[in-house]
Asker: 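Handing you a structure now.
Excluded from the calculations below are hydrogen atoms, water molecules and symmetry mates; all remaining heavy atoms, backbone and side chain alike, are included. Note on naming: letters A, B, ... go to the chains in the order of the sequence lines (proteins, then strands), and numbering restarts at 1 for each one.
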Amino acid sequence: MAHWLLKSEPSSWSWRQQVEAGAKGTSWNGVRNHAAKRNLQAMQVGDQAFFYHSGEGKEIVGIVTIAKPYYPDPTDKTGVFGMVDVRAEKPLKTPVTLAAIKAEPRLKNMALVKYSRLSVQPVSEAEWKLVGKMGGV
DNA sequence: GCCAACGTTGGC
DNA sequence: GCCAACGTTGGC
């Protein structure tokens, strides 16, 4: 099972809204970047992803599960981009901040640090475990 | 096909 | 509010 990281500005879509969406989940739409698209396409149902708040917070706040694999994004008129469905799994007991990630040498290769603008990122098994531990999961 | 200009993202 | 990174656009 692969792991991922999804970024969102809380002002447009927050962890709280994701939780309130409940078990049915919601579509992760609006991705308009080809590298991010490739990651979305690689996702499988049951994969888990960190939910990261950019801008306000700058921290990983929760874990979501992929509920539906890649399908066309109706908000994209060009038809080039797609999306997946995700549902909130659980919050981190302690949010893991970007500062904490940057301060941890074993996380220096995380995409979040190296490719900060990429909105859908892969997370390695080692990174997933360590960040989970830091977050009290 | 190159590259300058421009827009967007997101950390600081 | 600034600016670096980076993707996209458009002139040549």
Side-chain angles (χ1 to χ4, degrees):
Chain A
M1 187 172 73
H3 291 107
W4 311 95
L5 183 145
L6 296 169
K7 285 198 304 192
S8 183
E9 288 269 358
S11 57
S12 57
W13 183 252
S14 69
W15 171 249
R16 166 177 285 275
Q17 287 173 293
Q18 188 68 57
V19 170
E20 286 170 355
K24 187 161 164 286
T26 51
S27 63
W28 196 269
N29 61 22
V31 169
R32 296 294 183 269
N33 171 284
H34 291 285
K37 173 190 168 180
R38 280 194 296 277
N39 290 327
L40 288 177
Q41 287 176 310
M43 290 178 177
Q44 298 187 324
V45 171
D47 281 358
Q48 294 193 319
F50 288 129
F51 192 114
Y52 175 79
H53 275 168
S54 62
E56 187 78 20
K58 294 190 285 284
E59 58 192 9
I60 295 170
V61 290
I63 292 172
V64 294
T65 300
I66 309 306
K68 183 176 176 180
Y70 189 83
Y71 62 105
D73 180 348
T75 69
D76 172 31
K77 287 178 280 295
T78 68
V80 172
F81 295 101
M83 59 194 189
V84 298
D85 284 3
V86 301
R87 64 180 143 77
E89 192 66 34
K90 58 188 168 186
L92 299 198
K93 286 199 187 74
T94 312
V96 176
T97 64
L98 180 63
I101 288 167
K102 287 188 166 175
E104 170 51 69
R106 286 172 289 173
L107 295 176
K108 70 175 190 300
N109 289 322
M110 264 191 90
L112 191 62
V113 177
K114 294 183 82 173
Y115 311 102
S116 63
R117 290 189 51 206
L118 185 59
S119 61
V120 183
Q121 312 177 348
V123 175
S124 76
E125 291 310 301
E127 291 161 355
W128 180 267
K129 283 181 187 153
L130 183 52
V131 172
K133 184 181 284 186
M134 291 163 73
V137 176

Asker: Report the residue from Val131(A), Leu112(A), Val96(A) that forms a side chain to side chain contact (heavy atoms under 4.5 Å, CB included) with Phe50(A).
Answerer: Val131(A)
Asker: Suppose clustering is done on Ile, Leu, Val, Met, Phe, Trp and Tyr with side-chain heavy atoms closer than 4.5 Å. Which residues sit in the same group as Ile66(A)?
Answerer: Trp4(A), Leu6(A), Trp13(A), Trp15(A), Val19(A), Trp28(A), Val31(A), Leu40(A), Met43(A), Phe51(A), Val61(A), Val64(A), Tyr70(A), Val84(A), Val86(A), Val120(A)
Asker: Between Ser119(A), Ser14(A), Ser54(A), which is the residue that forms a side chain to side chain contact (heavy atoms under 4.5 Å, CB included) with Glu9(A)?
Answerer: Ser54(A)
Asker: Could you go through Val113(A) and Lys108(A), starting from their C-alpha distance and side-chain angles, then the distance that decides it, and tell me whether this counts as side chain to side chain contact (heavy atoms under 4.5 Å, CB included)?
Answerer: CA-CA 7 Å; Val113(A) 177; Lys108(A) 70 175 190 300; 5.7 Å; no
Asker: Who clusters with Tyr71(A)? Use side-chain heavy atoms, under 4.5 angstrom, across I, L, V, M, F, W and Y, and order the result by chain and number.
Answerer: Met83(A)
Asker: Taking any atom closer than 4.0 angstrom to a non-hydrogen atom of chain A, what span of DNA chain C does the protein reach, first nucleotide to last?
Answerer: dA5(C) to dT8(C)
